[in-house]
Amino acid sequence: MSTLKAVRGTRDLLPPETALWNHIEAVARAVFARYNFGEIRTPIFEDTSLFARGVGEETDIVSKEMYTWEDRARAQSEKSQSLTLRPENTAGVVRAYIEHKLGETGQLQKLYYIGPQFRRERPQKGRYRQFFQIGAEVIGPPSAGSESPLRDAEILEMLATLLDELGITGWTLQLNSVGSSADRARYNEALRAALEPIAHTMCADCQRRAVTNPLRVLDCKVPEDQPIIEKLPRIVDLLDPASVEHFAAVTAALDAAGVPYTRNHRLVRGLDYYTRTTFEFTHGGLGAQNALLGGGRYDGLSEAIGGPKAPGIGFAIGLDRLVLTLQAQELNQESAPPQADAYIAPLGEAMNAAALSLARELRRVGLAVELGDGSFRLKKSFEAADKTARCIVILGEDELQSGILTVKDFSTGTQTKVPRADLAAFLAEPSK
Ligand code: HAM
């Protein structure tokens, strides 16, 4: 019989690496709290039409990467329904915003999320079919200031702070504006027209995209196509005056705050809901999948899925890619194997029950304890303890009766007799 494995594009995350994941999530939560964001948790699956209408039917995500199935009705009162594992979280957050009438508070909603997303992409380093995002959205009625360019700048400044606090060095903020949805549509047509006579000289993907989704031609990485793409029309030349002004205000605020960025005219992003500001933070160490995170403004998304006018801006960080970057930077000391304060070695199986009771005593006062097994010979207990804990505590019949335990500290090599009543305090002292 063949051995079962994790499904292609999915992975198990094991200790000690999970400690690094937890560390990143804790830093992100702490940064979000300082910017007054609250956590939202939306379902892992949603009605398929949410993504079709929100992210866009023509996008790669919706047209070929979603995990979609027909959920059969279980009772006459139910209808069968097309469901989809969420490929991203922005549409779900905006759906929740509409469903819970969060706009009626009149306040900006500042929401963050951490969780798995699913896309049937071709797996490679930094690209998985189940991956994790840390994201945030700022959304609200225009009266709450949701259209202000200051919101864009604040989000970008927060991201720069978060990456700095995580110790990520060498990131680049790529910034662009895709204008209003009318600007975007005009640009799409301009590209289509410009590509028509030349597409046949380009790669097969570009030839296809020139017809189906000309904006995606800008993502092409084939070296021979680059000189052609550089000469294509640029969206900056088609922006309406209000979008130009908005973008200028965003960059002025970034300049004032000292957040560095580069203008990337080709950054149009792969989701249809974007308007005006779009951005990515890239990192050279990531190889082909170099986007650490991406985001932008989506002033029409709420209306596209049947809600009130609720402009917004947000981002999602690829947590898998953040982990890869930190690992490459060797900043992952946090992920050293977890070391317990003590390993309790019962001498003989008859001591097992007493050892559990001692472990309970120590764990209840906050110590990390690894509980051995009385069936081990002492040598084996020592070997196991040396790998997992700072000290070994030996518990035999004599120790139990006398209440005096023998503790060996591996880092100093010293052996000490400690009364049981003092044991917790002794173990809590880091070795000298
Ligand atoms: P996105 O650019 O599709 O945007 O994804 C954001 C980030 O998720 C990417 O930059 C990348 O780091 C990570 N990512 C995407 N696909 C994969 C994958 N297959 N494997 C590993 N990592 C991946 C969004 O998802 C938008 N919802 C962002 C947003 C929020 N825009 C506004 N608000």
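One-based numbering, in listed order, for ligands and for the atoms of each.
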- Task: Can you sort out which atoms of ligand 1 are near Thr90, meaning under 4.0 Å from one of its heavy atoms?
- Result: 26 (C), 27 (N), 29 (C), 30 (C), 31 (N), 32 (C), 33 (N)
- Sub-3.5 Å donor-acceptor pair from the side chain of Gln226 to the main-chain atoms of Val222, do we have one? yes
- Query: Glu121 heavy atoms, cut-off 4.0 Å: which ligand 1 atoms fall inside?
  - Reply: 16 (N), 17 (C), 18 (C), 19 (N)
- Heavy-atom nearest neighbour in the protein, as seen from atom 4 (O) of ligand 1, with distance rounded to 0.1 Å: Arg269 NH2, 3.0 Å
- Note on the structure: among protein heavy atoms, the one nearest atom 20 (N) of ligand 1 is Tyr128 N, 3.0 Å
- Could you tell me which atoms of ligand 1, counted from 1 in the order shown, lie closer than 4.0 angstrom to a heavy atom of Glu137? 30 (C), 32 (C), 33 (N)
- Task: Can you sort out which atoms of ligand 1 are near Leu271, meaning under 4.0 Å from one of its heavy atoms?
- Result: 3 (O), 4 (O)
- Message: What protein heavy atom lies closest to atom 14 (N) of ligand 1? Include the residue and the distance to one decimal.
- Response: Phe131 CE1, 3.5 Å
- Message: When you measure from the heavy atoms of Gly126 to every atom of ligand 1, does any distance fall below 4.0 Å?
- Response: yes
- Item | Shortest protein heavy-atom distance from atom 11 (C) of ligand 1, along with the residue and atom involved | Arg321 NH1, 3.4 Å
- Message: Parallel, tilted or perpendicular, judged at 30° and 60°: which one describes the rings of Phe32 and Tyr112?
- Response: tilted
- How far is atom 5 (O) of ligand 1 from its nearest protein heavy atom, and which residue and atom name does that atom have? Gln133 NE2, 3.2 Å
- Query: Would you call Glu147 and Arg276 a salt bridge, taking side-chain N to carboxylate O under 4.0 Å as the test?
  - Reply: no
- Query: According to the interplanar angle, ranging from 0 to 90°, do the rings of Phe281 and Trp171 count as parallel (below 30°), tilted (30 to 60°) or perpendicular (above 60°)?
  - Reply: tilted
- Identify, by atom number and element, the atoms of ligand 1 in contact range of Glu88, meaning under 4.0 Å from any of its heavy atoms. 25 (O), 26 (C), 27 (N)
- With a 4.0 Å cut-off, would you call Glu154 and Arg151 a salt bridge? yes
- Message: Can you tell me if Gly270 contacts ligand 1 (heavy atom of the residue under 4.0 Å from the ligand)?
- Response: no
- Query: Under 4.0 angstrom from ligand 1, any heavy atom of Tyr274?
  - Reply: yes
- Query: Which word best sums up how the rings of Tyr273 and Tyr298 line up, parallel for under 30°, tilted for 30 to 60°, or perpendicular for over 60°?
  - Reply: perpendicular
- Quick one: nearest non-hydrogen protein atom to atom 12 (O) of ligand 1, plus distance? Ala291 O, 2.9 Å
- With rounding to the nearest 0.5 Å, note down the distance linking CD in Gln81 to CZ in Phe45. 9.0 Å
- Rounded distance [0.5 Å steps], CG in Leu371 versus CG in Asn352: 7.0 Å
- CD-NZ distance between Glu370 and Lys387, expressed to the nearest 0.5 angstrom: 12.0 Å
